[in-house]
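We number each residue from 1, following the sequence as shown. For the numbers below, each heavy atom of this structure counts, side chains included, while hydrogens, waters and symmetry mates do not. Both ligands and their constituent atoms are indexed starting at 1 by order of listing.
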Amino acid sequence: MNEWRPTACILCECNCGIQVLLGPDGRSFEKIRGDKLHPASAGYTCNKALQLDRYQNGHTGRLTAPLRRRKDGSFEEIDWDTAIAEISARMLELGQHFGGESIFYYGGGGQGNHLGGAYAPATMAAYGMKYRSSALAQEKTGDFWVGARMAGHPMRADVEHAEVAFFIGKNPYQSHGFPRARTVLKEIAKDSARSMIVLDPVRTETAELADFHLQLRPGTDVYLLSAMAAILVRDNLIDGDWLAVHATGLEAVLPVLNAVPIDKYCAIADVDLDLVTAATHRLARAHSVAALEDLGVQMNRYSTVVSYVEKLVWILTGNVGKPGTQYAFTGLSNLGHDRGHPAGEGPRSPVAGAQIVSGLVPCNVISEEILTDHPARYRAMFIESSNPAHSLADSARMREALEALELVVVIDVAMTETARLADYVLPAPTQFEKYEATFFNFDFPRNIFHLRHPVLPAPEGVLPEPEIHARLVEAAGVLGEADYAPLRAALAQGREAFAMAFLGVLGDPARSKLAPVLLYRTLGQTLPDGAASAALLWAAAYNMVRRFPASVERAGYGTGMEAGERLFEAILAGEHGVVISEDDYAETWNRVRDGVIRLDIPELLEVVAALPDAPGDSADWPFILSAGERRAFTANTIFRDPTWRKRDAAGTLRISTTDAGRLGLTAGDLVQVTTRRGTARVPVEPTDRMRPGHLSLPNGFGLSVEDPEGAPVTTGTAPNELTSFEARDEWVGTPWHKYVPARLDTVSS
Ligand SMILES: Nc1nc2c(c(=O)[nH]1)N[C@H]1C(S)=C(S)[C@@H](COP(=O)(O)OP(=O)(O)OC[C@H]3O[C@@H](n4cnc5c(=O)[nH]c(N)nc54)[C@H](O)[C@@H]3O)O[C@H]1N2
Ligand SMILES: Nc1nc2c(c(=O)[nH]1)N[C@H]1C(S)=C(S)[C@@H](COP(=O)(O)OP(=O)(O)OC[C@H]3O[C@@H](n4cnc5c(=O)[nH]c(N)nc54)[C@H](O)[C@@H]3O)O[C@H]1N2
Ligand code: SF4
Ligand SMILES: [Mo]
C-alpha cells in the first residue's frame, strides 16, 4: 500500500522531519512534505528537502558492489567476503609493522547519518587504531575548546525565545542551525520588541532582516567583538551582580577590555562607531540574548580567539541559563564535549604535534601527518561517509596524501572524489534504505531524538555500516560466537539479565571498546523489523539516564533501569522522533563545571591584549575570497546529481557591483580567480550585497559525475582547489576558508 512514510531531511544538522510518498516503482520520491508530527520541526522544511529524490535516485555514481582498485587505477567488483578478508589482512599487517595507530580514521557521518559511524570505535579498537578526525575539526573545535575551558559543558543558543538574536559569521536564513530558522527569523524581524544583530561582510538574507547589520571588513571580527566587549565595560553595561554569583576571573578580563582602543578597532573593522555602540547598548539592555557564531568566524583569522570574545559578550551581560539565552543541552552522545586542557597540555597528533580537541586531530594537519618520512606517520586511512579529497583544505595536497598511503578504505554510497583514490570502496545503503539517526540533538528545554526507519529497501550488494564494522571486527579475530553466546543467553532471560551481563563487558576495558559490535550481534538480532543498527542506542539510552536522570524523568520515562528501557523503547517505536529529556533553563547550572563560568583563559586573553594593527591590503592579493558560502542550492557534497539545483547551477563568484563596474564585468562573465594555491575559471555575479574587495564562492561545487555515456562532467568550482592547509588557526588548526587572499583576472572570450 502506498502511504506517506516518515523520515528526515539529511542536508543540514536540523534534520527536519519529512514524509515521503513513493512513486509506483516503489523507489522514486514522488512527493515530499514536512512532517507535522516531528517534535522539533513540526512540519517545517526549507526548499532543499523537496529535492531529496536526487540524492536517492539521481545520477550520482551509486555504488552497489565492493570495489578493489587495480594497478592501473581502474576498479573491479569483488564480493564482500573477499573485501573484508583482504582489508582486514592488510590492516593487521600494517598494525604489525607500524602499530595500529598508523591507521587513521576519518569521518563517521555527515549531516544526516551518525548511527553507522557510532560502530566505528569497535573497528578502531580491533585494529589498534588511535587517531581520528572529522569535519568537526575544521569548524567547531575552537568553539568546543573555548566552551570546555569556560564552562566545562557545550552550550547552544535559544534563538526562538530571544529578545535579541546575535549572529556572528552565520547566515541562518540559508544555513539554518536551529529549528524552523526562516520562520523564527521572520518572527523576530516583525516584532518591534525584539532585535537582530548580524556581523557579516555580506548583506545576507539574514542581515536584510536585521536591525543592526555590522557589515565589517572580512577577517576583522576579533577587533569588532573586542570593541563591543570594551563598550560594555566602558559604559557600565556588564551585569556585575549576576557575574559575582555565576562567574570567576572578571578581574583578569576587565583591565584588558579597558585598554581596548574602541575607535581604532571599529575603524579597522570599517564599521561606524555609532552603529557599533547602538548595537552593543541594544544587546546589553535586552532581557535575553541568543548568540550563534559559525563558519564566517570559525573558518577565519583568530577563529578561536573570536569564539572566546564572542562568549565574553554574552556572558558579561548575564545571558546564560535563562529563556532566550544560552543553555547546556542533554543528549545521547558526547558531541561537542572536550576536556578543556590548557593549550599544550592535552593530547597531540603524532607528527605535527597539533592539539587534539574532542578527540579529533585538526583536519588541516592530516596531510602533514602523512607526507613526511617521520616514523609515526599515518600509513593508511579508513574513511567513512565523508569526502575529504573535496572538503578539506588544499585538495591537491590531500590527493597527494591519499596517494602516498599504503591503504585507503572508503565506505560511501557513491563514487566520490575520495573514493576514486581508494584501494577499496565499500558500498552502503542510502540514508533512506536503512535505520539512521544523528546525534545533533541540541534542543531545549525539550531535547529530541529521531531514529529514522527505512523508507524503501536497499538494493542487493550493499551493507549497512554497522554490519561492515561487525564483519571487520570479527575478521580481526577479536570477537566471535563465543563472545556472543553468554550475552544471548542473558538476553533470553530478559533485558534486566542482559543489562547485568553487559555491565560485565563494560567492566573489561579491552572488551568495552568492542561493545557496539557486541550489542549489534546480540541485542540487535532481537530488535523488530531488522532494526539491529539501533542496538547501540540501548546503551546510549542507559548512559543518558545516568548522565541526566532528572531530565529523562521529567520527560516521563521514570527512573533507574526502567527509565533506560523505556527511553530505548520509545526511541525504537518513535518513527517521527521523540522527546528524550525535559529541562528548565536553570538546569544549565548543574551542568556547568562547579556551577560557575570561568572568564579568564590566559592564553587567549593575552592575544586580545596584544592585537596587531590589521594587515593592509597586499598589492598581489587585492581581494579576500570566502571559499564556501551556503546558498539556497548548496548542501555540502551530499547531492552528487547537479540537476537538483533549480538556480545558480554553475555556482557563481559573487563580487561587489563596485568592483564589477571597475573591471567592466557583467553577470555571467567568466573570470579567473587565483590564490596562493590554485586558480579557477568561474562566472561572476555582481551584487550590491558584497563589500568592495570581497569575493564569495559557494560550497559543495566542483563534484564530477559520469554522464550517461560515461564521460566525467564537473559542475562548478571546487573551493578547496583554492585553499591552503597552512592557513589555519594557531590553537586548534581550523582553516581560514573565509579569508583567502585572491586576485582576479578577466578572461577574454
Ligand atoms: N544551504 C546550505 N545550508 C547548510 C549547508 C550547506 O551546504 N548548504 N551546510 C551546513 C553546514 S555543514 C554548516 S557547518 C553550516 C554553516 O553555516 P554558516 O556558517 O551560516 O554558512 P556560511 O555561508 O559558510 O558562512 C556564514 C557567513 O559567514 C560570512 N562571512 C564571511 N567572511 C566573514 C567574516 O570575516 N566575518 C564574519 N562575521 N562573517 C563572515 C559569510 O558572508 C556568510 O554569510 O551550514 C549548514 N547548512
Ligand atoms: N573551502 C571550504 N571547504 C569546506 C567548507 C567550506 O565552507 N569551505 N565547509 C566544510 C564543512 S563545515 C563541512 S561540514 C564539510 C563537509 O564535508 P564532508 O565531511 O566531507 O561531508 P559531506 O560533503 O557532507 O559528504 C558526505 C559524504 O557522505 C556520503 N554519504 C551520504 N550518505 C551516506 C550514507 O548513508 N553512508 C555513507 N557511508 N556515506 C554516505 C556522501 O556521498 C558524501 O561522500 O565540508 C567542509 N569543507
Ligand atoms: S536542509 Fe532545510 S529541510 Fe533539510 S534539515 Fe536543513 S532546514 Fe530542514
Ligand atoms: Mo559543517
Side-chain angles (χ1 to χ4, degrees), residues 8-18 32 34 38 40-41 44-52 55-56 60-63 106-117 133-140 172 174-182 294-296 298-299 363 383-395 410-419 426-434 436 438 440 458 462 464-465 468 625-630 632 634-640 697-703 718-723 734-738 740:
C9 174
I10 60 167
L11 300 172
C12 86
E13 65 172 55
C14 290
N15 301 132
C16 298
I18 57 170
I32 296 173
H38 190 277
S41 60
Y44 176 93
T45 70
C46 74
N47 60 299
K48 296 188 292 299
L50 305 180
Q51 307 302 327
L52 280 167
Y55 163 81
Q56 174 62 41
T60 61
R62 179 80 197 268
L63 301 164
Y106 188 82
Q111 300 295 296
N113 57 322
H114 300 166
L115 197 54
S133 194
S134 76
L136 287 170
Q138 41 90 72
E139 48 171 326
K140 295 287 170 283
Q174 293 301 3
S175 69
H176 289 79
F178 53 90
R180 301 163 42 251
R182 290 177 183 172
D294 214 336
L295 302 186
Q298 291 175 345
M299 290 185 169
C363 294
I383 300 165
E384 176 167 5
S385 186
S386 197
N387 191 1
H390 179 279
S391 60
L392 295 195
D394 217 327
S395 300
V410 167
I411 307 178
D412 207 297
V413 295
M415 185 45 96
T416 66
E417 288 60 33
T418 306
L426 303 178
T430 72
Q431 298 178 46
F432 300 106
E433 296 167 348
K434 64 188 171 203
E436 199 40 282
T438 72
F440 288 144
V462 303
E465 291 84 349
I468 297 175
L625 167 71
S626 288
E629 181 180 60
R630 271 66 190 163
T634 72
N636 289 359
T637 67
I638 303 163
F639 283 114
R640 296 192 64 80
L697 268 178
N699 73 317
F701 275 82
L703 304 182
N720 289 312
E721 300 295 340
L722 298 169
T723 61
T734 39
W736 295 346
H737 290 335
K738 305 296 172 184
V740 184

Quiz prompt | Residue selection (non-hydrogen contact nearest atom 6 (C) of ligand 2) among Gln56, Glu465, Arg630, Glu629 | solution = Arg630

Quiz item: Does any N or O in the side chain of Asn15 come within less than 3.5 Å of the main-chain N or O of Ile10, such that one atom is a donor and the other an acceptor?
Solution: no

Quiz item: Against heavy atoms of Pro719, which atoms of ligand 2 measure under 4.0 Å?
Solution: 1 (N)

Quiz item: So how far is it from His176 NE2 to Cys16 SG, rounded to the nearest 0.5 Å?
Solution: 6.5 Å

Exercise. Answer with side chain, backbone, both or neither: which part of Leu295 has a heavy atom less than 4.0 angstrom from an atom of ligand 2?
Key: side chain

Quiz prompt | Gly628 N/O to ligand 2 N/O under 3.5 Å | solution = yes

Practice problem: List every atom of ligand 2 that sits less than 4.0 Å from any heavy atom of Tyr55, numbering the atoms from 1 in the order shown and giving each element. | Solution: 31 (C), 32 (N), 33 (C), 35 (O)

Practice problem: Kindly say whether Thr634 contributes a backbone atom to a donor-acceptor pair with the side chain of Asn699 at under 3.5 angstrom? | Solution: no

Quiz prompt | atom 3 (N) of ligand 2 [closest protein heavy-atom partner, distance rounded to 0.1 Å] | solution = Asn720 ND2, 3.0 Å

Practice problem: Pull out every atom of ligand 2 sitting under 4.0 Å from any heavy atom of Lys738, numbered as shown with elements. | Solution: 7 (O)

Exercise. Give the atoms of ligand 3, by number and element, whose distance to some non-hydrogen atom of Ala49 is under 4.0 Å.
Key: 3 (S)

Quiz item: Just wondering, is there an N, O or S atom on Cys46 that's nearer than 2.8 Å to atom 2 (Fe) of ligand 3?
Solution: yes

Quiz item: Out of His737, Glu433, Gln298, Arg640, whose heavy atom sits nearest atom 2 (C) of ligand 2?
Solution: His737

Quiz prompt | Identity and separation of the nearest protein heavy atom to atom 4 (Fe) of ligand 3 | solution = Cys9 SG, 2.3 Å

Quiz item: Given Thr723, Asp412, Ile411, which has its nearest heavy atom closest to atom 43 (C) of ligand 2?
Solution: Asp412

Quiz item: For Pro464, does its backbone N or O pair with a side-chain atom of Lys434 as donor and acceptor, under 3.5 Å?
Solution: no

Practice problem: Please could you name the atoms of ligand 3 that Thr45 approaches to less than 4.0 Å, counting only its heavy atoms? | Solution: 3 (S)

Quiz item: Given Thr438 and Gln431, is the side-chain contact (heavy atoms from CB on, under 4.5 Å) satisfied, shown in steps?
Solution: CA-CA 11 Å; Thr438 72; Gln431 298 178 46; over 6 Å; no

Quiz prompt | Per-atom contacts, ligand 2 versus Glu139 - under 4.0 Å to a heavy atom | solution = 12 (S), 14 (S)

Quiz item: Should you measure from each heavy atom of Ser386, which atoms of ligand 2 turn up under 4.0 Å away?
Solution: 18 (P), 19 (O), 20 (O), 27 (C), 28 (O)

Self-check item: Approximate separation, where rounding is to 0.5 Å, of Leu697 CG and Leu625 CG
Solution: 5.0 Å

Quiz prompt | Atoms in ligand 2 with a heavy atom of Thr416 nearer than 4.0 Å | solution = 44 (O)

Quiz item: N/O of Ala627 under 3.5 Å from N/O of ligand 2, yes or no?
Solution: yes

Quiz item: Who's closest to atom 27 (C) of ligand 2 heavy-atom-wise, of Ser385, Ala389, Ser391, Gly117?
Solution: Ser385

Quiz item: atom 6 (Fe) of ligand 3: which protein heavy atom is closest, and how many Å away?
Solution: Cys12 SG, 2.3 Å

Quiz prompt | Euclidean distance, Gln174 CD relative to Lys48 NZ, rounded to 0.5 Å | solution = 6.5 Å

Practice problem: May I ask you to list the atoms of ligand 3 that are less than 4.0 angstrom from any heavy atom of Leu11? | Solution: 1 (S)

Exercise. Report, in ascending order of atom number, the atoms of ligand 3 lying under 4.0 Å from any heavy atom of Lys48.
Key: 1 (S)

Quiz item: Side chain, backbone, both or neither: which part of Ile10 comes within less than 4.0 Å of ligand 3 when only heavy atoms are counted?
Solution: neither

Practice problem: Ignoring hydrogens and angles, tell me if any N or O in the side chain of Glu433 forms a donor-acceptor pair with the backbone of Thr430 under 3.5 Å. | Solution: yes

Quiz prompt | Where ligand 2 meets Pro429 - atom numbers and elements under 4.0 angstrom, heavy-atom basis | solution = 35 (O)

Quiz item: Any idea which of Lys140, Arg62, Glu13, Gln138 brings a heavy atom closest to atom 11 (C) of ligand 2?
Solution: Gln138

Quiz prompt | Residue portion contacting ligand 2 (non-hydrogen atoms closer than 4.0 Å) for Asn113 | solution = side chain

Practice problem: May I ask you to decide if Phe178's main-chain N or O and Arg180's side chain share a donor-acceptor pair within less than 3.5 Å? | Solution: no

Self-check item: Tyr55 to Ile638 - nearest heavy-atom pair and separation
Solution: CD1-O, 3.5 Å

Quiz item: Roughly how far, to the nearest 0.5 Å, is the CG atom of Asp412 from the CD1 atom of Ile383?
Solution: 10.0 Å

Quiz item: Of the protein's non-hydrogen atoms, which lies at the shortest distance from atom 22 (P) of ligand 2, and what is that distance?
Solution: Thr637 OG1, 3.5 Å

Quiz item: Which of the atoms of ligand 2 are close to Ile638, meaning less than 4.0 Å from one of its heavy atoms?
Solution: 24 (O)

Practice problem: Given side-chain contact (heavy atoms from CB on, under 4.5 Å), test His390 with Leu703 step by step and report yes or no. | Solution: CA-CA 8 Å; His390 179 279; Leu703 304 182; 3.6 Å; yes

Practice problem: Check whether any N or O atom of Glu384, backbone or side chain, sits under 3.5 Å from an N or O atom of ligand 2, and answer yes or no. | Solution: no

Self-check item: Backbone of Asp394 reached by a side-chain donor or acceptor of Thr723 within 3.5 Å
Solution: yes

Quiz item: Tell me, which protein residue and heavy-atom name are nearest atom 16 (C) of ligand 2, and how many Å apart are they?
Solution: Asn636 ND2, 3.5 Å

Practice problem: Report yes or no: does Thr60 contribute a side-chain atom to a donor-acceptor pair with the main-chain N or O of Arg640 at less than 3.5 Å? | Solution: no

Self-check item: Shortest heavy-atom approach to atom 35 (O) of ligand 2 - which of Lys434, Glu436, His390
Solution: Lys434

Self-check item: For atom 8 (Fe) of ligand 3, the protein heavy atom that lies nearest, with its residue and separation
Solution: Cys16 SG, 2.3 Å

Self-check item: Spacing of Thr637 atom OG1 and Asn387 atom CG [to the nearest 0.5 Å]
Solution: 4.0 Å

Self-check item: Rounded distance [0.5 Å steps], NZ in Lys738 versus CD in Glu629
Solution: 7.5 Å

